[in-house]
Amino acid sequence: MTVDGALYRELIRLDGKGYRSYKELQKEYPLDNATLFIDHVQGDPFAAPSTMRVRLPQSEAQFPPEAFQSRARSIALRDLIARRFWESARTNAKGGLASGSSGTISVPRPGQAVLERSSVVLNKDYVEVRFSAGLPAFGRQVAGRLAAEMLAEKLPIIVSDSLCYSSYKDSKLFQHLCTVEDAQHIRSRLKDMGLVAFIADGSMLPRRSGVDRSPLRQGATPFRSPDSLRIRMRTPNSGDVWGMGVPEGITIIVGGGYHGKSTLLDAITEGVYDHIPGDGRELAVTRYAAVKVNVEDGRPVESVDIRPFIGSLPGGIDTASFCTQNASGSTSQAANIMEALEMGADLLLIDEDRSASNFMVRDRRMQELVPKGSEPITPFIDRVRQLWEGKGISTVMVVGGSGEYLDIADTVLMMDAYVLKDVTEKAKEVAAENPSRRLREEGEGFISSMDRYPLNTDLDPRKGRKEVAVVARSLHSIQFGNGEIDLSAWEQLVEASQTVTLADVLVRSIDKMDGSRTMRELVQEAMKGISKDGLDSLGRLNGERATVRPFEIAAAFNRLRTLRAFQR
Ligand code: ADP
Ligand code: MG
């Protein structure tokens with residue numbers, strides 16, 4: 001490394017000065033064959049770290065065009081570079097040198113999903129990584145020598161580890177790209193094949209723990225499709241793959257407790273994203289517009305038509321335009337479903353573990369004891385077929401507790417000690433031998449075509465002296481002014497970088513919530529902006545963002561407690 005370079009000299013010159021003199025660094029420097037852009041310097045050693053970019057021309061990086069020629073490959077390659085950069089930075093610049101974040105170089109840590117990320121930009125001219133760096137200090141004084149070591153010696157090592165094609169094993173690199181390409185190909189075929197999901201034989205579905213989404217390695221039973229559902233799937237890179245095709249319509253997953261039902265549903269839930277090689281779910285692929293709908297009591301609901309599920313509430317509360325700051329179990333789940341439909345979901349995913357039981361079903365005895373007139377809820381069981389037959393919306397759900405669902409399911413799968421069986425025929429026999437005495441309660445057809453117009457009248461993103469205090473706090477939490485958006489029931493957020501994107505989209509959307517656009521239009525506009533101008537268009541240039549679906553954006557809007565909306 002050029003330890004006698006301009007940046008090095010500059011840092012040595014600043015040594016011992018007040019921390020603010022680091023601000024003088026805000027420009028660009030040559031760094032070997034790369035360029036370092038110091039975009040924003042932190043005000044003090046304990047503030048959020050400084051943001052920088054390092055750009056290496058392709059003449060040096062030399063990634064072959066076939067590694068990024070398609071959109072799928074380009075996203076995958078950038079994802080791989082982000083992983084490498086993260087790993088190398090962790091070893092070479094993990095900080096702990098002096099005060100605060102001194103000496104740390106980092107990008108957001110990528111998880112099990114391959115996502116489009118703003119941390120890496122790649123095109124035919126250059127590769128660029130956006131990272132944050134804690135400029136070193138002793139107390140509040142510039143630690144110039146440490147800074148020089150960090151930026152002029154360590155950073156070039158990290159750059160050559162991650163931004164140069166020659167640092168990658170060809171086989172590893174193309175495996176990453178091909179895995180994503182295969183998954184995306186399968187996803188693009190599902191609809192034409194009449195499927196909602198595909199899970200390849202040999203997939204490893206269980207995760208290490210509730211907080212660690214890496215695969216369970218010890219004693220995991222690999223997935224095997226029931227023979228009746230096994231199909232052959234063509235892939236661009238792995239030839240023909242065999243596995244289970246989950247058909248459209250209504251599929252229920254039954255089986256004993258602890259037999260792996262939720263694990264299977266979770267794999268389907270996360271199958272809207274592509275996964276890294278070694279994850280175990282590389283070829284567990286679900287349609288893009290699949291939405292997990294949970295119970296979420298306590299959530300706010302703003303002007304949602306929940307009539308298909310909830311009729312007249314006590315006190316004459318309006319359910320055609322239902323509003324509450326504190327939804328009950330059943331009303332929260334009803335709202336979650338109606339909002340998913342509003343955004344165009346074509347597959348609903350439901351787990352009894354995270355559902356309101358009175359929302360799922362009402363049995364005959366309860367129907368006798370509490371007559372329909374006194375029960376506002378039309379349970380999901382009476383709507384699920386209307387959703388499929390009338391609107392083409394499929395459902396996959398885990399129901400171990402209620403045999404009533406046997407009557408309405410097209411496919412019945414049983415998890416038996418982690419082995420999946422197709423018990424559809426058996427279920428039909430059981431249903432015929434033990435007729436349900438339940439009365440159907442569906443009433444008229446499923447009505448829903450909500451045109452909801454969000455209003456910003458009560459939105460206040462300010463906090464203290466900050467004009468806009470809208471910040472992702474964690475994977476499931478966004479601070480909005482003095483309030484908080486709680487996304488903890490939203491399982492389809494997999495990385496905090498996605499939450500950063502949601503916070504930025506929110507800020508950009510506030511002005512547009514003027515009653516002239518529907519929720520759907522607002523979200524579509526945001527998605528269009530991202531796909532046209534990229535994640536960078538969402539605000540200050542940084543490497544913190546990752547891609548989301550329209551459903552996640554709507555989920556954040558819908559949980560904003562001060563959002564108002566009206567229907568037309
Ligand atoms: P259920 O929903 O049927 O009660 P879960 O899906 O929660 O069951 O699984 C119960 C436990 O079994 C979990 O700890 C899960 O990680 C584990 N598990 C699930 N599938 C497998 C598998 N294929 N091999 C080994 N362990 C598994
Ligand atoms: Mg379960």
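When a ligand or atom number is given, it counts from 1 through the structure's own listing order. Along the sequence shown, residues carry numbers from 1.
- Every residue two or more places apart in sequence or in another chain was checked for a salt bridge (charged side-chain N to carboxylate O under 4.0 Å, His left out) with D486, and none qualifies.
- A salt bridge links E441 with R362: at least one charged nitrogen is closer than 4.0 Å to a carboxylate oxygen.
- No salt bridge links E368 with R365; every basic N to acidic carboxylate O contact stays at or beyond 4.0 Å.
- The contact shell of ligand 1, taken as protein residues with any non-hydrogen atom closer than 4.0 angstrom, comprises P206, L216, G219, A220, T221, G256, G257, Y258, H259, G260, K261, S262, T263, Y418.
- Between R84 and S162, the shortest heavy-atom contact is CB-CB, 3.7 Å.
- For residues 239-250, the set of pairs meeting the side-chain hydrogen bond (donor to acceptor under 3.5 Å, both in side chains) definition, not counting sequence neighbours, comprises R234-D240, E248-R287.
- At a threshold of 4.0 Å, the pair D382-R438 counts as salt-bridged, since one of the basic side-chain nitrogens sits closer than that to a carboxylate oxygen.
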What's the verdict on salt bridge (charged side-chain N to carboxylate O under 4.0 Å, His left out) for K428 and E433, showing C-alpha distance, side-chain angles and the deciding distance?
CA-CA 9 Å; K428 277 191 191 139; E433 281 163 26; over 6 Å; no
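- Remark: D346 engages K191 in a salt bridge, criterion side-chain N to carboxylate O under 4.0 Å.
- If you count the protein N, O or S atoms nearer to the Mg ion (ligand 2) than 2.8 Å, you get 2.
- Electrostatic pairing of D227 and R230 counts as a salt bridge here, judged by a charged N lying under 4.0 Å from a carboxylate O.
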